[in-house]
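Single-structure report; data block below.
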Protein chains: 2
Amino acid sequence: MKSSSTLDVKMVNGLFAEFELVCRRIGLRLTHQRREIYRLLLNAGDHPSAETLYERLRQEMPTISLDTVYRNLHTMETHDLIARVPTGKSQARFEAKRGTHHHPMCSRCGEITDIQWEIFDNSELPDYASFWGQVTDKQATLTGVCKKCLQKK
Amino acid sequence: MKSSSTLDVKMVNGLFAEFELVCRRIGLRLTHQRREIYRLLLNAGDHPSAETLYERLRQEMPTISLDTVYRNLHTMETHDLIARVPTGKSQARFEAKRGTHHHPMCSRCGEITDIQWEIFDNSELPDYASFWGQVTDKQATLTGVCKKCLQKK
DNA sequence: TTGTCTGCAAAAACTTTGCACAAAT
DNA sequence: ATTTGTGCAAAGTTTTTGCAGACAA
């Protein structure tokens, strides 16, 4: 079984190179901060919040500021390099964009994972969708309790 | 085609009666404010935010406070009477709990609608789900542009 | 009467913005 | 040289909390 956290180095490098190309194409400067924010997000398997990302970035770049993190997340989202995970929570969670996947979320610990679901990906939208408008993306959110939390009691 | 905004009076009354039963069973008092918050949410087809709900409530109950709205939304969510819609936005959106349904969201105007999708409801979870943990709910989020916004240009 | 709930006020949590200097192209 | 990005500080949004009096049971 291939979990999406097993993302090999080659693929990550490829996505990172693509990120740099996109930045150059649209005139975004490749600052040290921007690169690191994207790199961490690309390697993170846990859909971190801005605050979490900030704490991690400070390990290697102690002078980075939280507002730079927010500003960059916003810019990258605008250019479709990253995405927010749809959750019901007030704190946003982010991921670098890759192939289609879905999100199991633990209602106890808040963990968000990636999951593949090809049958869903290949399924037709309900008829009503075309009446509603033009759908460009569909994704599933699974809610429940993760294995770690189940074992805690 | 049956849109979920066409929810007949009988069904709404039934759900409201059930709400009162649940409150009594678990010892929640049926205050004027609590009833109205639930009633408005039950009749709202648009998954309002706390703020939006507050504005509507003030029309009929000018002295209600925003923190009462928040407190009640929290309490009702805890008791599974209402739910938050998974969005990527920082402002939470709410709905009264009813049957299974899914959410098309307009990326232009922020509109959130309900949609039925029985094929999805009846489909099996991917194998990996049982490895992840115990899934209690699955729901689909469709992203796109609603018909009204498409017509605006 | 008893314990919960409300409104008010204040605070906390999360995110955005203006500005002057720094860095990227 | 030019223009965008950063860090700092301040402000804006959204949500939560403490408390004294009000209300439901």
Side-chain angles (χ1 to χ4, degrees), chain A residues 19-41 47-58 60-79 81-94 110, chain B residues 19-41 47-58 60-79 81-94 110:
Chain A
F19 159 77
E20 298 201 332
L21 280 176
V22 171
C23 286
R24 269 188 260 274
R25 174 155 45 78
I26 61 192
L28 290 180
R29 293 184 178 177
L30 284 161
T31 61
H32 188 26
Q33 290 88 337
R34 182 120 70 208
R35 278 182 214 267
E36 285 314 300
I37 292 170
Y38 184 77
R39 193 196 306 281
L40 254 68
L41 214 41
H47 312 79
S49 65
E51 187 76 40
T52 302
L53 208 44
Y54 171 61
E55 291 304 334
R56 290 179 194 167
L57 285 157
R58 289 219 289 181
E60 48 178 78
M61 201 188 269
T63 61
I64 196 173
S65 69
L66 182 56
D67 36 288
T68 293
V69 177
Y70 274 110
R71 255 187 280 241
N72 274 289
L73 290 172
H74 180 259
T75 306
M76 295 183 197
E77 189 189 5
T78 300
H79 294 99
L81 290 161
I82 67 168
R84 275 164 209 252
V85 180
T87 70
K89 304 299 166 61
S90 57
Q91 194 181 43
R93 303 276 296 260
F94 299 88
Chain B
F19 159 77
E20 299 202 332
L21 280 176
V22 171
C23 287
R24 269 189 259 272
R25 174 156 44 78
I26 62 192
L28 288 180
R29 294 188 176 175
L30 284 161
T31 60
H32 188 28
Q33 290 87 336
R34 182 119 68 210
R35 279 180 214 266
E36 287 312 302
I37 291 169
Y38 183 78
R39 194 197 306 279
L40 254 67
L41 214 41
H47 312 79
S49 67
E51 187 76 39
T52 301
L53 207 44
Y54 171 60
E55 292 304 336
R56 291 180 194 168
L57 286 157
R58 287 218 290 181
E60 47 177 83
M61 202 189 267
T63 61
I64 195 171
S65 69
L66 182 55
D67 37 287
T68 293
V69 177
Y70 274 109
R71 255 187 281 240
N72 274 289
L73 289 171
H74 181 259
T75 305
M76 294 184 198
E77 188 188 8
T78 301
H79 294 99
L81 290 161
I82 67 168
R84 275 165 209 253
V85 180
T87 69
K89 303 300 166 56
S90 59
Q91 195 180 43
R93 304 276 296 260
F94 300 86

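Each chain gets a letter, A, B and so on, in the order its sequence line appears, and its residues count up from 1.
Map A:Q33 and B:S49 each onto its nearest nucleotide of DNA chain D; the residue landing nearer the 5' end is A:Q33. When the nearest nucleotides of DNA chain C are assigned to B:T63 and B:G27 by heavy-atom distance, the more 5′-ward of the two goes with B:G27.
When the side-chain nitrogen and oxygen atoms of A:T68 are compared with OP1 and OP2 of D:dG7, one or more of them lie within a distance under 4.0 Å.
The nearest whole Å value for the distance from the CG atom in A:L66 to the C1' atom in C:dT17 is 13 Å. With rounding to whole Å, B:M61 atom CE is found 13 Å from D:dC23 atom C1'. The CD1 atom of B:I64 sits 14 Å away from the P atom of D:dC23 (whole-angstrom rounding). Here the C1' atom of nucleotide C:dC8 and the OH atom of B:Y54 are 11 Å apart, to the nearest Å. A straight line from OH of B:Y70 to C1' of C:dG7 spans 16 Å, rounded to a whole angstrom. Remark: C1' of D:dT14 and CG of B:L53 are 15 Å apart, rounded to the nearest angstrom. In this structure, B:R58 places its CZ atom 14 Å from C1' of C:dC8, rounding to the nearest Å. Here the P atom of nucleotide D:dT16 and the NZ atom of A:K89 are 11 Å apart, to the nearest Å.
Looking at every heavy atom in both residues, B:G88 comes nearest to A:R84 through O-CD, 3.0 Å. Pairing each heavy atom of B:Y54 with each of B:L66, the nearest pair is CE1-N, 3.4 Å.
Taking the screw axis at each terminus of the helix from C:dT1-D:dA25 to C:dT25-D:dA1 from five consecutive base pairs, the angle between the two is 40° to within rounding of 10 degrees.
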Take A:T68 and A:T31 through the test side chain to side chain contact (heavy atoms under 4.5 Å, CB included) and record every step on the way to the result.
CA-CA 11 Å; A:T68 293; A:T31 61; over 6 Å; no
Stepwise side chain to side chain contact (heavy atoms under 4.5 Å, CB included) check, B:I64 with B:E36:
CA-CA 10 Å; B:I64 195 171; B:E36 287 312 302; over 6 Å; no
When you look at A:H47 and A:T87, which way does the side chain to side chain contact (heavy atoms under 4.5 Å, CB included) test go after all the steps?
CA-CA 11 Å; A:H47 312 79; A:T87 70; over 6 Å; no
A:H74 vs A:Y70, test: side chain to side chain contact (heavy atoms under 4.5 Å, CB included). Steps then yes/no.
CA-CA 6 Å; A:H74 180 259; A:Y70 274 110; over 6 Å; no
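Shown are B:V85, B:T52, B:L41; of these, the side-chain contact (heavy atoms from CB on, under 4.5 Å) with B:F94 is made only by B:L41.
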Contact string for nucleotides 18-25 of chain C, one letter per nucleotide 5' to 3', B = base within protein heavy-atom range under 4.0 Å, S = sugar-phosphate only, - = neither, reads B----BBS
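For residues 21-33 of chain A, the set of pairs meeting the salt bridge (charged side-chain N to carboxylate O under 4.0 Å, His left out) definition, not counting sequence neighbours, comprises A:E20-A:R24.
Between A:L28 atom CG and A:L81 atom CG the span is 7.5 Å, to the nearest 0.5 Å.
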